[in-house]
Structures are given as structure tokens and as C-alpha cells.
Amino acid sequence: NTISHILGTDLTLVLDKKDMAVYLLVPLTRNHKFEYKGNYIIVDGKQLDSDIFFRKDACQWIEIDKETLSKVA
């Protein structure tokens, strides 16, 4: 896996080299608010379209596509 931090934030990107999937990691702290919907998740008021999101290692993992990556990074 390749890991990089988004400068100026507490967000992290992880590239799973096996599946070539990119995940946005958001810490599970009081600083962030999550709303879970069927095919998207709202993080701090911003909608991220993704069917795959889960909690692991004290973070909310959200699989993102290239279009969403350009908005986040």
C-alpha cells in the first residue's frame, strides 16, 4: 500500500496496489461528522459518492474514484 497525507488536514489517502483502489481515511474524532446513505456518505457536509465505506483502525475508510480524488486532494 502507498500512503500519503493531504497537507493541511488530518486526512490520509491509501492506494491499495493489489486492487488499485484509492481510499480516503477520515479519523473517527469529534472533529468530523458522518451521515451514512445507501450509495454515498456525507463527511462534514460534503457528499462523497461511494458504495464502499467502512470503519477500520480508528478511521472511516471511503473508496474514492479519480474525480473525487481531484476534489479532495
Side-chain angles (χ1 to χ4, degrees):
N1 291 339
T2 301
I3 300 171
S4 71
H5 297 279
I6 300 175
L7 295 177
T9 71
D10 60 352
L11 306 178
T12 304
L13 292 173
V14 174
L15 169 64
D16 183 346
K17 290 183 180 180
K18 187 187 322 178
D19 300 330
M20 293 309 292
V22 178
Y23 295 93
L24 175 66
L25 277 63
V26 183
L28 295 172
T29 65
R30 293 181 189 178
N31 296 337
H32 299 287
K33 182 180 173 189
F34 303 95
E35 293 179 51
Y36 303 96
K37 307 295 180 180
N39 58 348
Y40 64 93
I41 183 170
I42 299 173
V43 179
D44 301 331
K46 296 180 183 177
Q47 179 176 325
L48 300 174
D49 295 326
S50 179
D51 292 334
I52 301 174
F53 44 88
F54 54 91
R55 291 180 173 194
K56 177 181 171 185
D57 301 327
C59 288
Q60 177 68 55
W61 290 59
I62 306 163
E63 184 176 15
I64 58 174
D65 57 16
K66 290 180 183 178
E67 182 179 321
T68 304
L69 178 60
S70 66
K71 292 177 187 176
V72 174

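The analysis underlying the following values was restricted to heavy atoms, covering all of them including side chains, and did not include hydrogens, waters or symmetry mates. Just so it is clear, the structure is predicted and the values come from calculations on it, not from any experiment.
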Here the side-chain hydrogen bond (donor to acceptor under 3.5 Å, both in side chains) pairs for residues 5-14, sequence neighbours left out, are H5-T12, D10-H32

Can you measure from [atom1] ([X]) to [atom2] ([Y]) and round to the nearest 0.5 angstrom?
{"X": "I62", "Y": "Y40", "atom1": "CD1", "atom2": "OH", "result": "13.5 Å"}
{"X": "N39", "Y": "Q47", "atom1": "CG", "atom2": "CD", "result": "8.0 Å"}
{"X": "L25", "Y": "Q60", "atom1": "CG", "atom2": "CD", "result": "9.0 Å"}
{"X": "K56", "Y": "Y23", "atom1": "NZ", "atom2": "OH", "result": "8.5 Å"}

Residues C59 and P27: closest non-hydrogen pair is SG-CA, 4.1 Å

Nearest heavy-atom approach of R55 to F34 is NH2-CD1, 4.4 Å

#### Entry: Audit row: L48, I42, side chain to side chain contact (heavy atoms under 4.5 Å, CB included) steps and yes/no
CA-CA 6 Å; L48 300 174; I42 299 173; over 6 Å; no

Should L13 and L24 count as side-chain neighbours, where that means a heavy-atom distance under 4.5 Å? yes

Got V43 and K33 here, is their nearest side-chain heavy-atom distance under 4.5 Å?
no

Give a yes or no on whether L15 and I52 share a hydrophobic cluster (residues Ile, Leu, Val, Met, Phe, Trp, Tyr; joining criterion: side-chain heavy atoms under 4.5 Å apart).
no

Using only atom types and a distance under 3.5 Å, with no angle test, would you say the side chain of S50 pairs donor to acceptor with the backbone of I64? no

Over 60° means perpendicular and under 30° means parallel, so tell me whether W61 and F54 are parallel, tilted or perpendicular.
parallel

